[in-house]
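Read the structure below first, then the notes.
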Amino acid sequence: MTDRLPPAPAPSAILEATLYAEDLDLAEAFYGTLLGLECIQRIGKRHVFYRVGPAVLLIFNPHQTVLPPNNPRLPVPAHGAHGHGHVCFTMDREAIEMMQARLLTANVTIDTAFDWPNGARSLYVRDPAGNSVEFAESWLWGEPG
């Protein structure tokens, strides 16, 4: 079947990742204030977007993104999901330890913190919407840099 398809290169990076949260004010307090991400756009109760290095974290209210767009110049199809998602941010080991101390001081429950078999460190918490948020060393899926 694939022998009939025209050639195309595989994607080289992820530009956006999406999580869903009904309460965007709580999401902003967590991702913007607590984690320190740069908010690049907030549209009412529909969405809030954050810059994460060269990528963007999109946080949508699932009840709003299923509605048709209001701007005909931006024909983004309706989309959305319900349930908990996952995102993983890269940080070096020292920064992960500092983030863990910050989160604990802010009374955020640590789900787990451990070293993978290859030695990379991961820290897991939940955002206010219940999404799994991981902080891991960048070489988690490869060799130490």
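These numbers come from the heavy atoms of this one structure, side chains and all, not from hydrogens, waters or symmetry mates.
Across every non-hydrogen atom of His82 and Pro62, the tightest pair is CE1-CB, 3.5 Å. Shortest non-hydrogen contact noted between Ala21 and Ile59 is CB-CG2, 3.9 Å. Taking every heavy atom of both residues into account, Gln100 and Ala113 meet most closely at OE1-CB, 3.9 Å. Annotation for Glu134 and Ser122: closest pair OE2-OG, 2.6 Å, computed over non-hydrogen atoms. The two residues Ala120 and Arg93 make their nearest non-hydrogen contact at C-NH2, 4.2 Å. What you find for Val108 and Arg126 is that their closest heavy atoms are CG1-O, 4.3 Å.
In this structure, Asp111 CG and Leu123 CG are separated by 9.0 Å, a value rounded to the nearest 0.5 Å. To the nearest 0.5 angstrom, Leu58 atom CG is 8.5 Å from Leu15 atom CG.
Between the side chain of Glu137 and the backbone N or O of Arg121, at least one donor-acceptor pair lies under 3.5 Å. Here the side chain of Arg51 pairs no donor or acceptor atom with the backbone of Ile40 at under 3.5 angstrom. In this structure, the side chain of Asn131 does not engage the main chain of His86 through any donor-acceptor pair within 3.5 Å. Distance alone, capped at 3.5 Å, is enough to place a donor-acceptor pair between the Asn61 side chain and the Lys45 backbone.
In this structure, Tyr50 and Glu28 have side chains that are in contact, with non-hydrogen atoms separated by less than 4.5 Å. In this structure, the side chains of Trp139 and Asp92 stay at 4.5 Å or more apart for every pair of heavy atoms. For the pair Tyr124/Ser132, a side-chain contact is recorded, criterion being any heavy-atom separation below 4.5 Å from C-beta on. Under the 4.5 Å side-chain criterion, counting only non-hydrogen atoms from C-beta, Arg102 is not in contact with Glu97. Between Gln41 and His47 the shortest side-chain heavy-atom distance falls below 4.5 Å. At least one side-chain heavy atom of Leu34 sits less than 4.5 Å from a side-chain heavy atom of Leu103. Side-chain contact check for Leu37 versus Phe89: some heavy-atom pair is nearer than 4.5 Å. Residues Leu19 and Val87 are in side-chain contact: their nearest non-hydrogen atoms beyond the backbone lie under 4.5 Å apart.
Leu104 and Met98 are members of different hydrophobic clusters when ILVMFWY side chains are connected at heavy-atom separations under 4.5 Å. If you chain together hydrophobic residues whose side chains sit under 4.5 Å apart, Leu35 and Val52 fall into the same group. Under a hydrophobic-cluster definition in which Ile, Leu, Val, Met, Phe, Trp and Tyr are linked whenever side-chain heavy atoms come within less than 4.5 Å, directly or via other members, Val133 and Phe49 are assigned to different clusters. Grouping the Ile, Leu, Val, Met, Phe, Trp and Tyr side chains by contacts below 4.5 angstrom, directly or via other members, places Leu57 apart from Ile14.
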Pair Arg46, Thr65 - check side-chain contact (heavy atoms from CB on, under 4.5 Å), show working. CA-CA 7 Å; Arg46 184 180 188 278; Thr65 57; 4.1 Å; yes
Apply the test side-chain contact (heavy atoms from CB on, under 4.5 Å) to residues Phe30 and Val125: give CA-CA distance (whole Å), side-chain angles for both, the deciding distance (0.1 Å), then the verdict. CA-CA 11 Å; Phe30 184 82; Val125 299; 4.1 Å; yes
Start with the C-alpha gap between Tyr31 and Asp127, add the side-chain angles, then the distance that decides, and say whether side chain to side chain donor-acceptor pair (under 3.5 Å) holds. CA-CA 8 Å; Tyr31 291 97; Asp127 74 6; 2.7 Å; yes
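With ring centers used as reference points, His79 lies under 6.0 Å from Phe60.
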